[in-house]
Amino acid sequence: MNPDRPTVSVIVPNYNYEKTLPACLDGVFAQTHRPLEVIVVDDASTDRSREIAASYPCRLVEGGGNKGVSAVRNRGAREARGDILFFVDSDVALRPDAIENALRVLREDPDCGLVHGTYDTRPLFDDGPVEHYRVLHAHWWRRRSVGRVGTAVFALAAVRREVFAAAGPFHEGLRDAEDVEYSDRLARVAGIRLTDTVVGRHDDCAGLADMLREQFRRSLPLAGFAGAHRMRSGGVVVNPLPGVVGATLFAATLPLLFAVFAAPLLAAVPLLFLALFLVSDPGLAGFVRRERGTRFLLYFLGVHLLAQWAITAGLVVGAVRRLGGRRALPAAPGASS
């Protein structure tokens with residue numbers, strides 16, 4: 001390996017992303033640091049994804065059935081030949097300097113084994129206000145966490161090959177929170193850095209119902225290993241706990257507002273919880289207002305409130321499932337029961 005010019009294997013997991021895969025691959029092939037190879041690992045897509053990938057100068061690898069993103073990333077890592085494995089999701093289009101900047105971070109911080117980046121404040125495709133909510137929030141929580149962290153997010157991330165080998169493969173029993181489980185192993189062998197110099201535009205949920213279902217599903221592991229990870233020092237926090245608590249208690253005490261004339265003090269209780277929700281992530285409201293204006297801020301906060309309720313619902317259902325005897329973390333393939 002030449003430390004000044006390491007070779008890079010770009011690994012793109014794909015499942016039915018014909019909409020965004022061309023923009024993703026265009027971004028990869030426009031990099032100022034040309035990758036050694038680009039590997040698209042297809043997870044049994046039923047759309048035109050494979051045909052699209054085959055039209056680019058990349059290597060198309062079949063994932064061997066619909067096994068999920070963890071298995072697909074593992075397959076890509078096994079196929080890769082580069083000194084650096086650069087993972088980018090197929091709904092992300094990198095800025096031209098993303099790989100070059102990732103390599104600079106790794107070069108300047110030899111103890112850092114993985115660097116991951118941020119989303120742009122603009123979506124890859126403008127599909128409406130829900131997507132703008134998602135992209136702005138995703139940008140915000142990454143930006144406020146820039147620096148040394150204990151959490152790796154693999155949507156756009158570069159990892160040294162030897163570090164990936166030392167941490168081991170992704171847990172193929174997980175289709176959600178796989179980054180969180182991997183982060184705990186990765187942090188034992190190398191440092192992790194989150195940077196705002198590695199940037200990509202992301203295509204996110206456009207429908208409110210789809211977004212809330214996704215929030216619910218991704219919150220199920222919070223009752224187990226994912227929640228424990230978030231409480232550790234250095235864990236990247238997406239939604240601060242006081243905000244989730246404030247939003248939940250606001251909903252629970254909302255009927256007290258109807259007692260405003262009979263018992264004004266009781267009517268103030270839900271408003272106090274609403275205030276807790278609003279101030280729990282300092283700087284968020286000002287950031288959104290600067291980006292999109294006051295009217296959109298009001299919309300953003302309303303959708304954000306609904307998202308916190310979906311998170312609470314997922315946490316509660318996850319806790320009930322744990323009490324019912326389900327594993328907090330699925331057994332790894334080949335593990336004994």
Side-chain angles (χ1 to χ4, degrees), residues 1-14 17-41 49 52-60 73 76-77 79-109 112-127 131-132 134-136 138-143 145-147 149 152-161 164 179 192-204 291:
M1 172 179 173
N2 180 351
D4 295 323
R5 199 71 179 173
T7 56
V8 179
S9 295
V10 176
I11 300 168
V12 183
N14 175 73
Y17 277 100
E18 67 176 2
K19 174 186 174 184
T20 58
L21 187 59
C24 173
L25 292 176
D26 286 343
V28 169
F29 285 106
Q31 291 297 299
T32 54
H33 183 108
R34 186 173 180 84
L36 170 70
E37 59 186 349
V38 179
I39 304 169
V40 177
V41 188
S49 294
I52 291 168
S55 69
Y56 284 81
C58 60
R59 185 147 54 106
L60 177 61
R73 286 177 179 152
E79 295 283 338
R81 296 177 291 123
D83 304 316
I84 305 294
L85 309 180
F86 194 108
F87 294 91
V88 58
D89 285 352
S90 46
D91 56 1
V92 174
L94 298 172
R95 285 187 186 171
D97 60 356
I99 293 178
E100 184 176 348
N101 289 340
L103 295 179
R104 181 181 299 113
V105 172
L106 292 173
R107 184 171 62 250
E108 292 175 353
D109 186 355
C112 176
L114 178 143
V115 56
H116 57 112
T118 60
Y119 288 159
D120 198 300
T121 55
R122 299 168 299 156
L124 181 55
F125 298 108
D126 190 343
D127 295 318
E131 184 171 33
H132 281 282
R134 288 284 291 161
V135 168
L136 284 176
H139 172 87
W140 167 256
W141 63 256
R142 286 172 169 86
R143 194 178 81 175
S145 303
V146 163
V149 294
V153 181
F154 280 82
L156 58 169
V159 58
R160 303 182 197 271
R161 169 185 285 281
F164 186 85
D179 307 70
I192 303 169
R193 188 170 289 277
L194 174 55
T195 179
D196 56 4
T197 66
V198 177
V199 181
R201 294 175 70 180
H202 182 227
D203 188 59
D204 216 311
E291 288 289 327

Inset, instruction - Decide if atom CZ of Phe87 counts as having more than 12 heavy atoms of other residues, nucleotides or ligands within a radius under 6.0 Å. - result: yes
Legend entry - Pairwise distance CG(Leu94) to SG(Cys24) - rounded to 0.5 angstrom: 6.5 Å
Inset, instruction - Evaluate the side-chain proximity of Arg81 to Leu36: yes if any heavy-atom separation is below 4.5 Å, no if none is. - result: yes
Inset, instruction - Quick one: closest heavy-atom pair of Arg73 and Ala155, and the distance? - result: NH2-N, 4.3 Å
Inset, instruction - Tell me, with the steps shown, if Asp126 and His132 meet side-chain hydrogen bond (donor to acceptor under 3.5 Å, both in side chains). - result: CA-CA 8 Å; Asp126 190 343; His132 281 282; 3.0 Å; yes
Legend entry - Passing option when Asp120 is tested against Arg142, Arg95, Arg201 for salt bridge (Lys or Arg N to Asp or Glu O under 4.0 Å): Arg95
Inset, instruction - Side-chain contact test, heavy atoms from C-beta onward, threshold under 4.5 Å: evaluate it for Ile99 versus Val10 and give yes or no. - result: yes
Legend entry - Side chain Ser90, main chain Val12, donor-acceptor under 3.5 Å: no
Inset, instruction - For Thr118 and His139, indicate whether the former's side chain and the latter's backbone hold a donor-acceptor pair under 3.5 Å. - result: no
Inset, instruction - Answer yes or no: is there a side-chain heavy-atom contact under 4.5 Å between Val40 and Ile52? - result: no
Legend entry - Nearest-0.5 Å distance that lies between atom CG in Leu136 and atom CD in Glu131: 10.5 Å
Legend entry - Student check: side-chain heavy atoms of Asp203 and Asp127 closer than 4.5 Å: yes
Legend entry - Non-hydrogen side-chain atoms of Pro22 and Tyr56 separated by less than 4.5 Å: yes
Legend entry - Phe125 to Ala23 - nearest heavy-atom pair and separation: CZ-CB, 4.4 Å
Legend entry - Contact summary for Leu156 and Val199, nearest pair of heavy atoms: CD1-C, 3.8 Å
Legend entry - Closest non-hydrogen atom pair, Glu37 against Ser9: OE2-OG, 2.5 Å
Legend entry - Sidechain-backbone polar pair: Asp83 side chain, Pro6 backbone, donor-acceptor under 3.5 Å: no
Legend entry - Backbone of His202 reached by a side-chain donor or acceptor of Asp91 within 3.5 Å: no
Legend entry - Minimum side-chain heavy-atom gap Asn14-Leu21 below 4.5 Å: yes
Legend entry - Between CZ on residue Arg5 and CZ on residue Arg34, distance to nearest 0.5 Å: 11.5 Å
Inset, instruction - May I ask you to decide if Cys112's main-chain N or O and Arg160's side chain share a donor-acceptor pair within less than 3.5 Å? - result: yes
Inset, instruction - Give, for atom CG of Asn101 and atom OG1 of Thr32, the distance between the pair rounded to the nearest 0.5 Å. - result: 7.0 Å
Legend entry - Non-hydrogen side-chain atoms of Ile192 and His116 separated by less than 4.5 Å: yes
Inset, instruction - Look only at the side chain of Gln31 and the backbone of Glu100, and say whether a donor-acceptor pair between them is shorter than 3.5 Å. - result: no
Inset, instruction - Grab the two heavy atoms, one from Val38 and one from Cys58, that are nearest each other, plus how far apart they are. - result: O-CB, 3.2 Å
Inset, instruction - Locate the shortest heavy-atom distance separating Ala77 from Phe164; write the atom from each residue and the value. - result: CB-CE2, 3.5 Å
Legend entry - pair Val41-Pro13: side-chain heavy atoms closer than 4.5 Å: no
Inset, instruction - Please answer whether the main-chain N or O of Phe154 pairs with a side-chain N or O of Asp179 as donor and acceptor at a distance below 3.5 Å. - result: yes
Inset, instruction - Could you tell me whether a side-chain N or O of Arg161 sits under 3.5 Å from a main-chain N or O of Ile84, the two making a donor and an acceptor? - result: no
